[in-house]
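Notes for the one structure printed next.
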Amino acid sequence: MRTIDDLDVAGRRVLVRSDLNVPLADGKITDDGRIRASVPTIEALRDRGARVVVCAHLGRPKGEVKPEFSLAPVAARLGELLGTDVRFASDVVGDSARAIAEGLADGEVALLENLRFEPGETSKDDAERGAFADRLAALAELYVGDGFGAVHRKHASVYDVPQRLPHAAGGLIAAEVDVLKRLTEDVARPYVVVLGGSKVSDKLGVIDNLLGKADRILVGGGMVFTFLAAQGHEVGKSLLEHDQLDTVREYLRRAEESGVEIVLPVDVVAATAFAADAEHSVVPAGGIPADRLGLDIGPASGKLFAAKLAGAGTVFWNGPMGVFEMEPYSHGTRAVAQGLIDSGAFTVVGGGDSAAAVRGLGFDESAFSHISTGGGASLEYLEGKTLPGLNALED
Ligand SMILES: Nc1ncnc2c1ncn2[C@@H]1O[C@H](COP(=O)(O)OP(=O)(O)O)[C@@H](O)[C@H]1O
Ligand SMILES: O=C(OP(=O)(O)O)[C@H](O)COP(=O)(O)O
């Protein structure tokens, strides 16, 4: 992959695809880790006289303009971190974006509005995506891919634009790939993978591949209820992927056959509603009341997971164990974070929310070997899949 050192950027407009998908609460950024991680590449380009047009997504607005998904607060924070004004375009490829991109002076920075306000960005139709990519590419002369957290998405800004402009990988992508490569080459064993979070349909599939790689898989977060249901347990109103039940039964069968240990929680914090002040209690994992939903792994599970992490050689963790954003459901995530630290293993934490959880719960980032900005992206990289956003940069 070419790096930005291979591009002659001075005086030229460079479109940088960053991952600025940060958590927000009441319009305020609650963790700016991904913005911070994007700064060095933008700064390096500015230093070399580039006119930097940053593009990124926030959440999943599904091709519609939804003000609550605006990148405006991110533009302000990026400006603070860069110590310069970031010009914010009120559209993605419209009049505002064009005028701002064309008006940039050397070393200046602009941020486009949320790419996912445009249906072409995420379209599965090559022609629709391509037409949007043409308009995005027209804003710049060069392209730098730096949004590691989104490289597993075959989206216009990730996959199609680099096919239209001279391109290079930014420093963040290079650094992430460097560390993750280590987990595909010589993994110190036992290799333990911890999975949780809420993007269950996206991430259940990685278990298929992990069964051939990991020694032990700990399952928590929203992912766990499809496992419990597959074992015949009541999961109440918890997150559940009905159409994946057979697949999960198959995973459990194959795990047993191949000697891979799948560890499920033994207790769960079950609440009457998805709210911090909802009535909640610890119940056995096999007995979630029908009118409740599981929002965290329970204390016994926290201890169990920590014990299963002890003595590991390598740990990869993606997805919080519970709704850590609400204090009553944060304890499982805390226990697992501490378990990683105490394990003495080579530890990688991946994912926007997982990284935010680690920082938000007060852990020192340096206690982990690597904190990756990508959850799904890291998982798919570790599976050995071809990632569209990396593939496009290699050409
Ligand atoms: N039991 C659960 N039910 C609903 N949501 C959950 C549960 N456990 C964790 N979550 C949510 O999962 C989200 C993070 O999931 P995900 O995006 O997959 O992780 P990451 O960003 O680290 O890859 C968090 O916002 C958290 O509140
Ligand atoms: O938050 C992200 O991924 P992650 O939650 O797997 O870390 C990326 O910004 C990708 O977002 P997406 O999963 O909506 O495509």
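Just so you know, ligand 1 is whichever comes first in the structure, and atom 1 is the first atom listed for that ligand. Quick caveat: nothing in here was measured; it's all calculated off a predicted structure.
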Problem - Basic-acidic side-chain contact under 4.0 Å: R98, D91 - result: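 So R98 does not pair with D91 through a salt bridge.
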
Counting non-hydrogen protein atoms only, what is the nearest one to [atom]? Give residue, atom name and distance.
atom	answer
atom 3 (O) of ligand 2	K199 NZ, 3.3 Å
atom 11 (O) of ligand 2	H57 NE2, 3.3 Å
atom 6 (O) of ligand 2	G376 N, 2.7 Å

Could you list the atoms of ligand 2 found under 4.0 angstrom from a heavy atom of [X]?
X	value
K203	5 (O), 6 (O)
G351	7 (O)
R116	11 (O), 12 (P), 14 (O), 15 (O)
R153	12 (P), 13 (O), 15 (O)

Handout entry: Nearest heavy atoms of V315 and S343, plus distance in Å
Key = CG2-OG, 4.3 Å

Practice task
List the atom of G11, the atom of D106, and the distance in Å for their closest heavy-atom pair.
Solution key: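 Looking at all heavy atoms of both residues, the closest pair is CA-OD1, 3.4 Å.
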
Exercise for the section: Could you tell me whether ligand 2 has any atom less than 4.0 Å away from a heavy atom of D19? Expected result: yes

Fill in the blank from the handout: Ranking K203, E325, M321, M223 by closest non-hydrogen atom to atom 25 (O) of ligand 1, top hit is E325

Exercise for the section: Show your reasoning for whether salt bridge (Lys or Arg N to Asp or Glu O under 4.0 Å) applies to E279 and R292. Expected result: CA-CA 9 Å; E279 200 184 309; R292 292 205 174 202; 3.0 Å; yes

Practice task
Check whether any side-chain heavy atom of W317 sits under 4.5 Å from a side-chain heavy atom of T333, and report yes or no.
Solution key: yes

Problem - Cation-pi, F346 ring and R182 (6.0 angstrom, 45 degrees) - result: yes

